[in-house]
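Have a look at the structure below before the remarks.
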Amino acid sequence: MTYRKSWAEPWKIKMVEHLTMTSREDRVKAIEDAGYNTFLLRSEDVYIDLLTDSGTNAMSDRQWAGMMLGDESYAGSRNFYNLEKTIQDFYSYKYIIPTHQGRAAEHMMSQILIKDGDYIPGNMYFTTTRLHQELAGGTFVDVIIDEAHDTESEHPFKGNVDLKKLDDLVKKVGADKIPYICIATAVNMAGGQPISLQNIKELREYTTKHGIDIVHDMTRVAENAWFIKEREAGYAEKTVQEIVFEICSLTDHATMSAKKDPLVNIGGFMATNNEDVYRQAQNMVVVYEGLHTYGGMAGRDMEALSIGIKESVQDDHMRARVGQTEYLGDKLIGYGIPIVRPVGSHGVFLDAKKFLPHLSQDVFPAQTLAAEIYVESGVRSMERGIISGGRNKDTGDHNRPKLELVRLTIPRRVYTQAHMDVVAESIADVYERRAKITGLQFTYEPEYLRFFQARFEPLS
Ligand code: F0G
């Protein structure tokens, strides 16, 4: 275990929410009723909820005070102009369109920029992002470095783009078939792994030369910036705020799920520096979301978001945020449990292939493990493996991601270090009895984003 100086959260707790304590018997019944899918559990049946860091953040007293300043005018709400200015000041983008959450921004971005038959390279897929690219007629191509698919590689920037893979694609299909490359910061499906500024700068140079835009999935940009500060030469003295601004200013457009980094429970936006793209998005947002000065958000939510953006780029906040994730990761490593290394930003990712080596990917080891962890202790986690991978849009076969992971995702400012201890201990208990665990099979498989609503039964 590496020695680190203690960190502590730069806040104290003003209000508490009671948790439900359940018995093993209750949990066995609950997971059966949920078809062995942790997304289908009722939150009342969950003790520590590490399903996702999306919309599960605790807001600050200042954000709650901001909610009282909501201007719920249909058009031209003052909160919109505050949000617009905050995004310009902190993220550099010129034009913004609020949306109810990230995937609405992905929908508009994809429909505006992608033509049928286009290719969209990216640093690993994300579920909703790739689906919207496909629905717009595009084909996603993974151009992340190989190390990202290896859970044991200690590469400090496993979110980096492999420029050779990108160049091979350009040579194969032609730059005119590639409207943009999508880069995610703190790459979710790779385990919350960062991309370096060096890599983004090289990518900027390459894409400018070939007339390819960069779309930034900035859902966890401040978390990525923290890793740059800690790991990239020349950035130790820069603030998270400065690094975030620099990352954004190297890209052309952005989609944001504000339910993560910016510390709110709902919201998102699409941003761009291109006026024409902005006009088209304004045109679309009134069809799918709402008027362009609220786009699916209440005035009060936009105000809480403006404040949340400012809080999210504070160094002390990010030190505690990532520090807590690393704390849990180090504990699990201490128990000998296989996890994605180095520990990422927003969660600890268990390597289900190594945890349950006797199960083939066809019996869904990560889905199985998430269900077992819930039964053990009431801790809710999420599958990020073959079920999340979905099916190939042409052949209908399972996509078979190399990574078969269970994500223990940590909501921001919600749980304590003692909760992390309980989580680690309960996973160690499952690890002890791992040899007896058998797999699952589908009883229901939805067409889109199947991991959300699929149902399973245990293999006999
Ligand atoms: N991009 C990334 C990298 C995400 O992690 C998410 C959501 C989205 C886009 C879509 O945003 O949910 O606001 O529509 N990730 C959540 C998660 C669902 O649990 O990882 P959304």
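Being a predicted model, the structure only gives us computed values, none of them experimental. Counting starts at 1 for both ligands and their atoms, following the listed order.
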Checklist line | Under 4.0 Å to a heavy atom of Thr52 - the qualifying atoms of ligand 1, by number | finding: 17 (C), 19 (O)
Margin query: Would you say the ring centers of Phe227 and Phe157 fall short of 6.0 Å from each other?
Written below: no
Check: With a 4.0 Å cut-off, would you call Asp362 and Arg400 a salt bridge?
Finding: yes
Check: Taking N or O atoms only and a 3.5 Å limit, does Thr128 qualify as a polar contact for ligand 1?
Finding: no
Checklist line | Centroid separation His107 to Tyr288 less than 6.0 Å | finding: yes
Next item on the list: Give me the ring orientation class for Phe452 and Phe39: parallel if the planes are under 30° apart, tilted from 30 to 60°, perpendicular past 60°.
Entry: perpendicular
Check: Is the NZ or CZ atom of Arg384 positioned over Phe451's six-membered ring, under 6.0 angstrom from the centre and within 45° of the axis?
Finding: yes
Notebook entry, point to check: Looking at atom 21 (P) of ligand 1, what's its closest protein heavy atom, distance included?
Noted result: Gln101 NE2, 3.3 Å
Notebook entry, point to check: Is the closest heavy atom of Met189 to ligand 1 under 4.0 Å?
Noted result: no
Notebook entry, point to check: Are any of the N/O atoms in Asp53 less than 3.5 Å from those in ligand 1?
Noted result: no
Name the atoms and distances for all side-chain donor-acceptor pairs under 3.5 Å in residues 114-121, with sequence neighbours left out.
from, atom 1, to, atom 2, distance (Å)
Asp118, OD2, Lys115, N, 2.7

Next item on the list: Provide, to 0.1 Å, the distance between atom 12 (O) of ligand 1 and the closest protein heavy atom, together with that atom's residue and name.
Entry: Arg103 NH2, 2.9 Å
Next item on the list: Flag the pair Phe80 / Tyr294 as yes when their ring centroid distance falls below 6.0 Å, and as no otherwise.
Entry: no
Notebook entry, point to check: What residue and heavy atom of the protein are closest to atom 15 (N) of ligand 1, and at what distance?
Noted result: Lys260 NZ, 2.9 Å
Check: Of the protein's non-hydrogen atoms, which lies at the shortest distance from atom 11 (O) of ligand 1, and what is that distance?
Finding: Ser257 CB, 3.2 Å
Notebook entry, point to check: Would you find more than 12 non-hydrogen atoms of other residues, nucleotides or ligands less than 6.0 Å from Lys201 atom NZ?
Noted result: yes
Note to self: Using a 3.5 Å cut-off on N or O atoms only, is Lys259 in polar contact with ligand 1?
What the structure shows: no
Note to self: Using a plain distance cutoff, I'd like to know if Phe452 has any nitrogen or oxygen under 3.5 Å from a nitrogen or oxygen of ligand 1.
What the structure shows: no
Margin query: What I want to find out is whether Lys353 reaches Glu404 closely enough, with some N-O distance under 4.0 Å, to be called a salt bridge.
Written below: no
Margin query: Looking only at protein heavy atoms, which one is nearest to atom 8 (C) of ligand 1, and what is the separation?
Written below: Phe126 CE2, 3.5 Å
Check: Of all the atoms in ligand 1, which lie at a distance below 4.0 Å from a heavy atom belonging to Gly102?
Finding: 11 (O), 13 (O), 14 (O), 21 (P)
Checklist line | Atoms in ligand 1 flagged as close to Met382, the criterion being non-hydrogen separation under 4.0 Å | finding: 19 (O)
Note to self: Once you restrict to heavy atoms under 4.0 Å, what part of Arg407 touches ligand 1? Side chain, backbone, both or neither.
What the structure shows: side chain
Margin query: Please list the nearest protein heavy atom to atom 9 (C) of ligand 1 with its residue and the distance rounded to 0.1 Å.
Written below: Glu106 OE2, 3.0 Å
Next item on the list: Out of Thr255, Ile266, Asp217, indicate the one that has the non-hydrogen atom closest to atom 2 (C) of ligand 1.
Entry: Asp217
Margin query: Suppose we screen for salt bridge (charged side-chain N to carboxylate O under 4.0 Å, His left out). Which residues come up paired with Lys393, at least two apart in sequence or across chains?
Written below: none
